[in-house]
Novice: 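Right, I'll just put the structure down here and ask away after.
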2 protein chains.
Amino acid sequence: MIRVIIAEDQRMLRGALGALLNLEDDIEVIAEVGNGEEAFKSILSLQPDVCLMDIEMPIKTGLDVAEELKQLGSPCKIIILTTFARPGYFKRAVNAGVHGYLLKDGPSDELAETIRKVTQGKREYAPELVFGSLQEENPLTEREREIMKLVAEGKTAKEISAELFLSSGTVRNYISEVINKLNVKNRIEAISIAQEKGWL
Amino acid sequence: MIRVIIAEDQRMLRGALGALLNLEDDIEVIAEVGNGEEAFKSILSLQPDVCLMDIEMPIKTGLDVAEELKQLGSPCKIIILTTFARPGYFKRAVNAGVHGYLLKDGPSDELAETIRKVTQGKREYAPELVFGSLQEENPLTEREREIMKLVAEGKTAKEISAELFLSSGTVRNYISEVINKLNVKNRIEAISIAQEKGWL
DNA sequence: ATTTTAAAATGACAAATGTCACCTCATAAT
DNA sequence: ATTATGAGGTGACATTTGTCATTTTAAAAT
């Protein structure tokens, strides 16, 4: 019997996946949790074979949990299940030694099969990620992201400069640089693109 | 036997819900589709009793579909299933005569029960929406929304004026009016607020 | 028939934005 | 010791943006 924990903050999906997996004779869902911290705790206490884990969850992300478990040398196999095909996420997940990385856009009927493979030590990654077409790498520096987030809230260069203890000229230089990098014509388009790609 | 169609663009959730509902003896999932247009077509051709429908889907939103079906006088009961508790969405849904409005954050085990109630003509709305703050109404006119959508893409007043056959001064007047209505200081903040409230 | 209202336009003005060339300073690399 | 490199800065300039008062026109409302 393969013992599984599901960590996913959207209740409807969590419940549905639980029901779906419980249909399989060789799989048993022993817990369903809604945030990263609970996931971490219940993996330690219940010692499941596999944890199906979302990335964006309250308190701790799934990647945080995976990294901490790796440090502790936990034998629990992690399968990341997320909406996001961002290369940054994927890279971090692979480094954290996760055994699977699936997309919520993928088919639900292969899920059980993936769980079985993973318990045998195999690894399974969504083909979209392994082959090309991974979303572009975030080209913005930390500082640029920080500033663009404030820009996206509608703050002016002057306000941002006061908040970050810079001159307003410097802020405008940063924004200008971002506009240039993203190859767009103004800050609003830059916001629009950056948000769409998840770079913000 | 209650015949159900599921319209949801996230495959994993769609598949899992399908499996979940097929467990019930009195419910049969006769189709699963991934966008609004397919949903519309298959409701007309397959004549299901109930359609479980997401709002944000490719091509057509679930609300668009619900409204068109109402016009045609379709007997199919619609249950909206969405992440978003926006009052604008909810109100539009009620006006379109939908029989249910559930949140993806809600429990999955009441889903089958809701479907049964709805087929009996009852209506079921997520309590978060019925009680508590069905807050602010969208204060923007059709024209203002149209312009703000373009503004949010980073288009300049001049570009928008060319696209809508207006003068750029008029466009700026509209934007100014929106900024005033939303009580913010510039177009970017206006975008930020309007998107947050789902007014866009 | 007259008044209201809404959509669209104009012109003028101050403020904010985007660009660019060039400067300073500290730290890392050679 | 010298050279990049990167974070931060300045000043100048042309555009764009935001505001406002005022006008025109057509469609509704009275």
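Everything numeric in this text was worked out from a predicted model, so none of it was measured. Here is how names work: the chains are called A, B, and so on, in the same order as the sequence lines, proteins then strands, and each is numbered from 1.
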Novice: Determine, for nucleotides 12-22 of chain C in 5'-to-3' order, which nucleotides have protein heavy atoms under 4.0 Å from the base (write B), from only the sugar-phosphate (write S), or from neither (write -).
Specialist: B---SBBBB--

Novice: Would you indicate whether A:K41, at its atom NZ, is surrounded by more than 12 heavy atoms from other residues, nucleotides or ligands within a distance under 6.0 Å?
Specialist: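 Check fails, neighbour count at 12 or below.
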
Novice: Quick one: A:E189 CD to D:dT15 C1', roughly how many Å, whole number?
Specialist: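 In whole Å, D:dT15 C1' and A:E189 CD are 16 Å from each other.
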
Novice: Are any side-chain N or O atoms of B:D54 and backbone N or O atoms of B:T82, one a donor and one an acceptor, separated by less than 3.5 Å?
Specialist: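 Side chain of B:D54 to backbone of B:T82, a donor-acceptor pair under 3.5 Å: no, none is there.
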
Novice: Specify the separation, in whole Å, of atom CD of B:E163 and atom P of C:dA8.
Specialist: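 Answer to the nearest Å: 15 Å.
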
Novice: So does A:T170 get a side-chain nitrogen or oxygen closer than 4.0 Å to the phosphate oxygens (OP1/OP2) of D:dG8?
Specialist: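 Answer is no, no contact under 4.0 Å.
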
Novice: OP1, OP2 of C:dA7 versus side-chain N and O of B:Y174: anything below 4.0 Å?
Specialist: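 B:Y174 to C:dA7 OP1/OP2: no side-chain N or O under 4.0 Å.
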
Novice: A:E8 and A:Q10: which non-hydrogen atoms are nearest, and at how many Å?
Specialist: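 Smallest interatomic distance, heavy atoms only, reads OE2-N, 2.9 Å.
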
Novice: Write down the distance between CD (B:E146) and C1' (C:dA7), rounded to a whole number of angstrom.
Specialist: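 Atom-to-atom, B:E146 to C:dA7, this comes out as 13 Å.
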
Novice: Would you check if the distance from the ring center of A:Y89 to the ring center of A:Y101 is below 6.0 Å?
Specialist: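 No; A:Y101 has its ring centre 6.0 Å or more from that of A:Y89.
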
Novice: Respond yes when some side-chain nitrogen or oxygen of B:S167 is under 4.0 Å from OP1 or OP2 of C:dA8, and no when none is.
Specialist: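 No, outside the criterion.
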
Novice: Residues in side-chain hydrogen bond (donor to acceptor under 3.5 Å, both in side chains) with B:E142, at least two apart?
Specialist: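 So B:E142 forms a side-chain hydrogen bond (donor to acceptor under 3.5 Å, both in side chains) with B:R145.
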
Novice: Taking only residues two or more places apart in sequence, or in another chain, which ones meet A:K122 in a salt bridge (charged side-chain N to carboxylate O under 4.0 Å, His left out)?
Specialist: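 Partners of A:K122 under the salt bridge (charged side-chain N to carboxylate O under 4.0 Å, His left out) test: none.
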
Novice: What's the CD1-C1' distance between A:I147 and D:dG9, to the nearest Å?
Specialist: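 That distance rounds to 13 Å.
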
